[in-house]
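Down below is the structure, laid out as structure tokens.
None of these values were measured; they are calculated from a predicted model.
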Amino acid sequence: MRISAKADYAVRAAAELAAATGRRPVRAEESASAQHSPLNFLLNILSDLKLARVVQSYRGAQGGYRLARPPEEITVAEVIRAVEGPLANVHESRPEELHYPGPAEPLRDVWVAVRANIRAVLESVTLAQLATGSLPRTIRKLVSDPDAWTAR
């Protein structure tokens with residue numbers, strides 16, 4: 001799986017907003033600086049997150065962005081979907097819509113299984129967990145496997 005810069009910046013910005021819950025709105029410039037994100041790119045991402053009702057924006061001198069709901073209710077998967085669309089597509093198609101001939105026929109089931117595993121990880125992590133560094137046990141277990149850190 002390839003995670004785009006857009007998805008990465010979106011989740012990082014959302015984590016910044018989660019960490020600021022209960023305080024004043026966070027200005028895009030502050031988030032961009034804190035996460036070393038290009039400001040104009042981040043502004044486009046925040047616009048996508050606003051359209052998806054993940055964040056709210058506020059105008060004025062004390063304006064900026066806040067999460068639209070408590071960070072415990074927003075998953076990493078939701079943030080990525082807001083800026084990228086479905087978590088796993090094959091040539092812009094949903095895996096279940098694919099049909100392959102001959103010996104490649106079971107490949108559709110492989111792509112569906114890949115999507116299920118991606119969902120299992122990304123839907124289990126909330127922005128609150130990211131912001132506090134308290135990832136779910138299932139995630140900690142996955143990253144404790146040395147093979148998880150090996151590039152292949």
Side-chain angles (χ1 to χ4, degrees), residues 1-21 25-26 28 30-32 34-58 64-145 147-152:
M1 177 183 174
R2 183 180 176 280
I3 299 168
S4 71
K6 187 175 188 179
D8 182 53
Y9 288 139
V11 175
R12 290 164 51 192
E16 284 287 327
L17 298 179
T21 297
V26 176
E30 293 174 72
S31 181
Q35 291 298 319
H36 308 289
S37 304
L39 178 58
N40 287 335
F41 194 34
L42 181 60
L43 287 168
N44 289 329
I45 289 167
L46 289 167
S47 178
D48 289 345
L49 293 174
K50 183 178 173 186
L51 283 172
R53 295 187 172 129
V54 174
V55 303
Q56 295 175 325
S57 65
Y58 298 87
Y65 294 86
R66 283 190 176 138
L67 294 176
R69 299 187 315 278
E72 298 82 11
E73 296 178 11
I74 303 171
T75 66
V76 171
E78 183 178 352
V79 174
I80 293 174
R81 283 187 191 108
V83 298
E84 295 281 9
L87 294 177
N89 277 347
V90 180
H91 300 291
E92 304 304 318
S93 296
R94 294 172 167 267
E96 69 274 10
E97 296 170 348
L98 299 172
H99 300 284
Y100 297 108
E105 184 178 353
L107 187 55
R108 180 196 64 180
D109 293 349
V110 172
W111 298 146
V112 169
V114 166
R115 179 179 62 188
N117 277 296
I118 290 169
R119 284 179 178 169
V121 170
L122 298 178
E123 290 178 351
S124 73
V125 181
T126 68
L127 295 180
Q129 291 167 321
L130 275 184
T132 61
S134 59
L135 296 176
R137 186 174 20 159
T138 55
I139 302 302
R140 291 193 318 269
K141 182 178 180 192
L142 286 169
V143 299
S144 70
D145 180 355
D147 277 347
W149 297 90
T150 305
R152 294 187 209 179

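Contact of the Ser57 side chain with the Tyr65 side chain is registered, since non-hydrogen atoms from C-beta on lie closer than 4.5 Å. With contacts defined as side-chain heavy-atom distances shorter than 4.5 Å, the pair Val79/Val83 does not qualify. Put simply, the side chain of Asp147 reaches to within 4.5 Å of the side chain of Thr150, judged on heavy atoms.
Of all the heavy atoms in Leu43 and Ala28, the pair that sits closest is CD2-CB, 3.5 Å. Nearest heavy atom pair, residue Thr126 against residue Pro71, reads CB-O, 3.6 Å. Residues Ala15 and Leu127 come closest through the heavy atom pair N-CD2, 4.4 Å. Taking each heavy atom of Pro25 and Tyr58 in turn, the nearest pair found is CG-CD1, 3.9 Å. Considering every non-hydrogen atom in both Ser37 and Arg12, the closest pair reads OG-NH2, 4.2 Å. The two atoms that bring Ile45 and Lys6 nearest to each other are CD1-O, 3.7 Å, heavy atoms only.
Other residues, nucleotides and ligands contribute at most 12 non-hydrogen atoms within 6.0 Å of the CZ atom of Arg53. Enclosure of atom CD in Glu105 is not indicated, since only 12 or fewer non-hydrogen atoms of other residues, nucleotides or ligands lie within 6.0 angstrom. The local environment of NZ in Lys50 is sparse, with at most 12 non-hydrogen atoms from other residues, nucleotides or ligands closer than 6.0 Å.
For the atom pair OG of Ser134 and CD1 of Ile139, the computed distance is 12.0 Å after rounding to the nearest 0.5 Å. With values rounded to the nearest 0.5 angstrom, Ser124 atom OG is found 8.5 Å from Leu135 atom CG. With rounding to the nearest 0.5 Å, the separation of CZ in Arg81 from OG1 in Thr75 is 6.5 Å. The CG atom of Asn44 sits 9.5 Å away from atom CG of Leu39, with the distance rounded to the nearest 0.5 Å. The CG atom of Leu49 sits 9.0 Å away from atom CD1 of Ile74, with the distance rounded to the nearest 0.5 Å. If you take CG on Leu122 and CD on Glu78, they are separated by 12.5 Å, rounding to the nearest 0.5 Å.
No donor-acceptor pair closer than 3.5 Å links the side chain of Asp145 to the backbone N or O of Lys141. At distances below 3.5 Å, not a single donor-acceptor pair connects side-chain atoms of Arg115 with backbone N or O atoms of Leu87. Remark: the backbone N or O of Ala18 is paired with a side-chain donor or acceptor of Thr21 at under 3.5 angstrom. In this structure, Trp111 contributes its side chain and Glu96 its backbone to no donor-acceptor pair below 3.5 Å.
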